[in-house]
Q: 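This is the structure I want to talk about, given as structure tokens.
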Amino acid sequence: MPTSMSGKVVAITGAARGIGAQTARELARRGALISLIGLEPAELSAVAAELGTDHVWIEADVADADSIESALDETARRLGGIDVVVANAGVAPFGTVRHHDPGAFTKTVDVNLNGVFHTARAALPHLVERNGYLLVVSSLSAFAPIGGMAAYTASKAGSEALASALSSETSHLGVDVGSAHPSWIDTDLVREASADLPSFRAMRAKLPWPMHSTTTVEDCARAITTGIERRARRIYVPRSIMLMHWLRNLPASRLVERLMKPTVRRLMPQMESEVAGLGRGFSARNQKLQSGD
């Protein structure tokens, strides 16, 4: 049965696994033609083979302006244009600011914020041509920061602000811009952090509702795909996260600070010790990707 996505060309960054790959599956199921963009060629190829011969994959780095521009130009050439771009690529480093690896912090901003800028800038000529839609995958962290995730939180807050500014810049061009705000999604990224850092698991467990809830990647992809169909300004996963958007000053309030102080006082030193013991600023898989090995 035809849907509003039938025949639409969608380019997704960070599409090798997790939210990106599952959103690609859901969009393809609704009739879209998908360009899978990322840094893991074997995984990208496998997802493309699963989707079928009408879909393509392209290796590219969103932190490299020329690389992502080339990937989007190739997408348009091979699939006949671009209707939707999902700026999904992201990384999540470990550690507190006091002991943070500067390289890991900088790389997080390069991927999660600068990468969105490079993706959006390269996508806009194609989206203007088709009155398209750009979705920036931000996070609950954009408006609910927690200790031990400063680099991720800062970069995701920046990407949300970038999406908001871009929305006002492009509406007269017929291009809509939205941001997605998933909470904890059951992906490799979250599972690896939980496995590496017991303090991370404990911190999550202490967060108040709805900040501690976990959503399956399938439910997340369905919510994002439905938002893309509606060209939504914001997508919350789960929908209860909308409450945190409107109460965004609450997590940084004195009340929550006092409630969380005993937990933070105990878990921050533990996290610092665990990260030092790991000897790396990212999960093992992300560390390998960022080093180019």
Q: Establish, from distance only, whether the side-chain atoms of H55 and T53 form a donor-acceptor pair under 3.5 Å.
A: no
Q: Return yes if some donor-acceptor pair links the side-chain N/O of S138 with the main-chain N/O of K156 below 3.5 Å, else return no.
A: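 Such a contact is found between S138 side chain and K156 backbone.
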Q: Tell me, with the steps shown, if L173 and L127 meet side-chain contact (heavy atoms from CB on, under 4.5 Å).
A: CA-CA 9 Å; L173 300 172; L127 296 179; over 6 Å; no
Q: With rounding to the nearest 0.5 Å, note down the distance linking CD in E40 to CH2 in W57.
A: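 Interatomic distance, E40 CD to W57 CH2, rounded to 0.5 Å: 11.5 Å.
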Q: Which side-chain N or O atoms in residues 110-118 pair as donor and acceptor under 3.5 Å with protein atoms at least two apart or in another chain?
A:
unit_1	atom_1	unit_2	atom_2	d
D110	OD1	N114	ND2	2.9
N112	OD1	V91	N	2.9
N112	ND2	V91	O	2.8
N112	ND2	S155	OG	3.1

Q: According to side-chain contact (heavy atoms from CB on, under 4.5 Å), who are the partners of R222, at least two apart in sequence or on a separate chain?
A: E26, R30, E218, D219
Q: Tell me which pairs pass salt bridge (charged side-chain N to carboxylate O under 4.0 Å, His left out) where either residue lies in residues 112-135, with sequence neighbours left out.
A: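 Matches after skipping sequence neighbours: D83-R130.
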Q: For H100 and F105, take the angle between the two ring planes, folded into 0 to 90°, and tell me which bin it lands in: parallel under 30, tilted 30 to 60, perpendicular over 60.
A: perpendicular
Q: Suppose we screen for salt bridge (charged side-chain N to carboxylate O under 4.0 Å, His left out). Which residues come up paired with R78, at least two apart in sequence or across chains?
A: E74
Q: How long is the straight-line distance from OG of S70 back to CG of D64, given to the nearest 0.5 Å?
A: 9.5 Å
Q: Does A76 have any side-chain contact (heavy atoms from CB on, under 4.5 Å) partners at least two apart in sequence or in another chain, and if so, which?
A: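 Expected list: I82, H126.
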Q: Go through V56 and L33 one step at a time and tell me if the side-chain contact (heavy atoms from CB on, under 4.5 Å) criterion holds.
A: CA-CA 8 Å; V56 302; L33 302 176; over 6 Å; no
Q: side-chain contact (heavy atoms from CB on, under 4.5 Å), that's the test. Do I58 and S35 meet it? Break it down for me.
A: CA-CA 7 Å; I58 303 166; S35 174; 3.8 Å; yes
Q: Please, which pairs that meet salt bridge (charged side-chain N to carboxylate O under 4.0 Å, His left out) have at least one residue in residues 52-63, sequence neighbours excluded?
A: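 Every pair satisfying salt bridge (charged side-chain N to carboxylate O under 4.0 Å, His left out) with a residue in residues 52-63: there are none.
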